[in-house]
Enquirer: 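Have a look at this one.
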Amino acid sequence: MTRIEFWTLTRRLASYAVLSAVTFIVCFPLVWALSTSLKPKSEIFATPPTLIPHAATTENYKALLTGRPQYFQSGGQQVTSGTTPAQFFTRWFVNSVIVTLGSTLISITISTLAAYSLTRFRYWGRTVVPYFSLLGYMVPSIIFVFPLFLVMVQLNLTDSLLSLVLGYVCITLPFCMWLMWAFMRSIPIEIEEAALIDGASRLQVFRQVVLPTALPGIIAAAIFSMIVSWNDYLFGRVFLNSLDNLTLTVGVMLFFEGTHVDWGLLMAASVLMTVPMAILFMALQRHLVAGFGAGAVKG
Amino acid sequence: MDVKLEGINKSFGQVQVLKDINLVFPSRKFITLLGPSGCGKTTLLRMIAGLEPVTSGGIRFGERVVNELAPRDRNIAMVFQSYALYPQMTVRRNLGYGLRVRKTPKAEMDAAVERVAAILEISHLLDRKPAQLSGGQRQRVALGRAMVRQPDIFLMDEPLSNLDAKLRVTMRAELRRFHLDLGATTIYVTHDQLEAMTMSDMIAVMHGGIVQQFGTPAEVYGQPANLFVAGFIGSPPMNLLAGELRGDDKPTFASPGLTVQLPNLVAHPPSRDVMLGIRPQDLDLVGDHEPADLRGRVWVVELLGSEKLVEVEYAERKRVTVQVRAETSVNVDDTVGVRLNARRAHVFDIKSGATLRS
Ligand SMILES: Nc1ncnc2c1ncn2[C@@H]1O[C@H](COP(=O)(O)OP(=O)(O)OP(=O)(O)O)[C@@H](O)[C@H]1O
Ligand SMILES: [Mg+2]
């Protein structure tokens with residue numbers, strides 16, 4: 001082994017060590033949640049703790065996904081009458097999906113069109129709007145919660161999913177718009193002019209040339225908007241109150257109420273909440289960097 | 001189709017970038033807009049394409065005024081300075097886009113794309129994206145996209161500026177060939193005078209938003225209309241010497257160190273300040289003791305392959321460049337004589353810059 005080979009090898013080993021450590025730190029809570037969610041009650045607080053459950057069970061998942069009360073136990077007793085929050089899990093899941101997709105769709109549509117207009121047409125204020133919109137994003141969203149709540153009261157929209165959709169649009173739109181604006185600005189105007197000369201109408205240029213080129217930006221903005229809406233607790237907590245209308249984040253917090261916290265159930269809920277975002281990321285991340293305006297111009 | 005520009009003015013806000021352009025580009029000719037960076041070539045081309053509104057004046061294709069016509073209704077094709085390929089379409093779709101939006105039948109479209117790809121030798125690249133092409137290949141795709149449609153007018157904005165020197169020379173000949181095959185009027189923008197000289201039927205030399213001269217390459221080179229054209233066209237550039245025009249029936253140019261009779265000029269009002277223009281090719285070196293028009297010391301010698309450029313200082317801070325054959329033996333600091341072919345000299349009025357003709 002020469003000196004150079006030795007150093008190359010050392011350096012590679014060192015970088016693997018660091019990367020493994022980081023991966024471990026990031027992944028451990030997730031792995032632990034998964035592990036706990038698969039344990040029977042007796043094993044959750046066992047000492048020493050087990051990472052791989054001795055007797056894995058899918059009880060917790062069944063309980064959440066079927067919503068049948070006989071699975072729920074409270075302090076060792078079966079609950080047979082009344083309601084437990086966990087019964088509403090699937091309902092909340094659907095609610096979360098609806099508000100996330102709804103608000104993202106609205107945010108993306110508005111911000112894409114606004115960004116196109118801001119970068120392609122000349123009118124007063126088109127240079128300051130994007131910066132103000134970024135400024136709007138920097139204000140903590142808690143400041144908007146109560147004013148927006150009052151607006152929803154006026155509009156008679158409280159305790160509805162629509163109110164939440166509108167609320168999320170309010171907090172995600174500024175950043176989405178700034179992001180799309182920055183992205184649109186980098187799309188060379190010549191490719192649109194080339195399409196105009198090739199014979200396309202304005203609308204065709206937008207649909208066939210601009211939108212496909214802006215796709216990585218649109219995906220980035222959509223991911224941002226979905227994360228914000230999916231993970232939000234504050235707006236859901238303030239805007240909603242009937243059990244039927246809650247979103248996942250607000251609903252799952254109810255698991256902590258009462259004398260006994262069912263950790264297995266809670267962890268199963270957390271894992272199920274993470275799954276859609278994880279799938280989303282894996283499906284979309286390669287679009288994020290790929291083909292960003294590449295090759296349009298010389299160089 | 002011929003293109004007529006009638007009194008075109010263009011301003012961006014307060015800044016006027018094109019001033020009273022009047023030109024007629026004859027049908028099926030290769031016309032070059034030549035000028036230094038920022039003189040308004042791209043702006044003029046974009047106005048012909050319909051991408052930029054005209055501030056005042058008229059543009060006609062044939063007899064038809066096209067000022068208000070959208071780009072897609074002008075039946076033009078354009079190659080952009082930056083190529084402007086559609087990044088997420090394959091080369092095949094890039095080439096076919098113009099036909100597709102015009103609802104050409106698929107079979108016809110495929111045939112046209114294949115034909116153009118074969119001419120440009122990019123058939124093997126048809127399924128790649130622009131990002132996977134070299135600069136030269138992208139440039140061919142940009143050309144191909146303009147060629148599939150058989151336009152009336154072909155607009156090109158410095159399409160060769162990004163290529164290496166060798167490819168540029170090959171492409172010059174190819175573009176010229178395409179032009180002849182296509183039978184469209186070609187308007188070509190460049191700041192490279194060599195490109196303009198070798199490819200064009202007509203050259204419009206522009207400077208500061210004004211057309212300085214419009215003529216064939218031979219006219220622009222041989223009879224420059226003013227000082228700007230004289231200095232811009234030709235490589236190495238023309239020697240320009242300040243002096244005074246004297247004499248009545250025998251006009252004579254006089255300056256410190258150089259006095260020469262100008263047989264081509266006839267009577268002129270005596271004594272006016274002029275600039276004498278003479279190309280390095282029209283000067284010759286002679287030995288120190290032979291008769292010469294001016295004498296001086298060799299300042300610097302540059303070898304250009306088959307020629308040598310010799311800069312001679314003939315008076316305090318006054319130099320002329322002489323082009324001689326490479327075999328000529330001449331060294332720095334030699335004292336030499338320079339003979340001047342006075343029949344090839346140009347005289348320009350210093351104030352107006354315009355040429356004084358016989
Ligand atoms: N959209 C615009 N707004 C304001 N000024 C402009 C605009 N486009 C061009 N100009 C100005 O008009 C002048 C001519 O520009 P143009 O692009 O036509 O030059 P050019 O001859 O093509 O130069 P180059 O050889 O560098 O491409 C320049 O001074 C430029 O700054
Ligand atoms: Mg230009």
Side-chain angles (χ1 to χ4, degrees), chain A residues 112 115-116 119-127 180 182-222 284-299, chain B residues 13 42 46 48-52 70-91 93-104 128-139 141-142 145-146 148-149 151 153-155 157-159 161-163:
Chain A
T112 306
Y116 185 70
T119 52
R120 296 301 192 254
F121 300 104
R122 287 165 182 276
Y123 45 82
W124 187 86
R126 79 202 152 91
T127 46
M180 287 312 299
F183 204 90
M184 287 281 186
R185 218 164 44 136
S186 70
I187 298 177
I189 188 124
E190 284 97 339
I191 68 174
E192 289 175 51
E193 294 176 338
L196 283 178
I197 288 179
D198 265 349
S201 65
R202 271 252 162 230
L203 200 65
Q204 280 173 319
V205 171
F206 186 72
R207 281 212 331 262
Q208 298 170 355
V209 175
V210 178
L211 278 189
T213 313
L215 196 63
I218 294 177
I219 288 176
L284 293 183
Q285 65 161 350
R286 79 190 166 86
H287 291 286
L288 274 180
V289 276
F292 161 40
V297 293
K298 51 190 174 187
Chain B
T42 298
R46 288 169 55 83
I48 297 172
L51 296 172
E52 198 77 68
R72 62 173 173 157
D73 300 323
R74 297 190 181 199
N75 199 22
I76 49 172
M78 180 157 169
V79 180
F80 286 78
Q81 200 164 357
S82 60
Y83 306 159
L85 302 180
Y86 311 124
Q88 64 314 109
M89 295 187 200
T90 59
V91 169
R93 288 174 72 86
N94 260 287
L95 292 177
Y97 186 75
L99 297 174
R100 194 142 38 89
V101 290
R102 284 167 203 263
K103 305 239 170 4
T104 314
R128 292 208 203 159
K129 296 263 179 83
Q132 300 160 316
L133 302 177
S134 74
Q137 291 167 334
R138 278 178 211 175
Q139 203 245 324
V141 177
R145 189 172 60 180
V148 282
R149 268 188 19 238
I153 298 162
F154 211 159
L155 307 173
D157 194 353
E158 310 204 20
S161 58
N162 198 39
L163 304 183

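In what follows, chains are A, B, ... by sequence order, proteins preceding strands, each numbered from 1.
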Enquirer: To the nearest 0.5 Å, what is the distance between CD on Glu52(B) and CD on Glu193(A)?
Expert: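 Rounded to the nearest 0.5 Å, the CD-CD separation comes out at 8.0 Å.
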Enquirer: So which heavy atom on Arg72(B) is nearest to which on Ala200(A), and how close?
Expert: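 Smallest heavy-atom distance, with atoms named: CD-O, 3.7 Å.
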Enquirer: If you compare all heavy atoms of Ile76(B) against all heavy atoms of Ile197(A), which two are closest, and at what distance to 0.1 Å?
Expert: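 Shortest heavy-atom separation between Ile76(B) and Ile197(A) comes out as O-CG2, 3.6 Å.
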Enquirer: Check Ala84(B) against Ala194(A) and note the closest heavy-atom contact, atom names and distance.
Expert: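 So the two residues come closest at O-CB, 3.9 Å.
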Enquirer: Check the surroundings of atom CZ in Arg100(B): do more than 12 heavy atoms from other residues, nucleotides or ligands lie under 6.0 Å from it?
Expert: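 Yes, because the 6.0 Å sphere around CZ of Arg100(B) holds more than 12 heavy atoms from other groups.
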Enquirer: Examine whether an atom of Arg74(B) lies under 4.5 Å from a heavy atom of chain A, and if so say whether it belongs to the side chain, the backbone or both; otherwise answer neither.
Expert: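 Nothing of Arg74(B), per the 4.5 Å heavy-atom cut-off to chain A.
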Enquirer: Tyr97(B): what forms a ring-ring contact (aromatic ring centres under 6.0 Å, His included) with it, not counting sequence neighbours?
Expert: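 Checked Tyr97(B) against ring-ring contact (aromatic ring centres under 6.0 Å, His included); matches are Tyr86(B).
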Enquirer: Could you tell me whether a side-chain N or O of Arg102(B) sits under 3.5 Å from a main-chain N or O of Asp198(A), the two making a donor and an acceptor?
Expert: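 Checked: pair present.
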Enquirer: For the CD1 atom of Ile191(A) and the CD atom of Gln88(B), what is their distance to the nearest 0.5 Å?
Expert: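 Going from CD1 on Ile191(A) over to CD on Gln88(B), the span is 6.5 Å.
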Enquirer: Using non-hydrogen atoms only, which part of Gln208(A) is less than 4.5 Å away from chain B: side chain, backbone, both, or neither?
Expert: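 Both parts, backbone and side chain.
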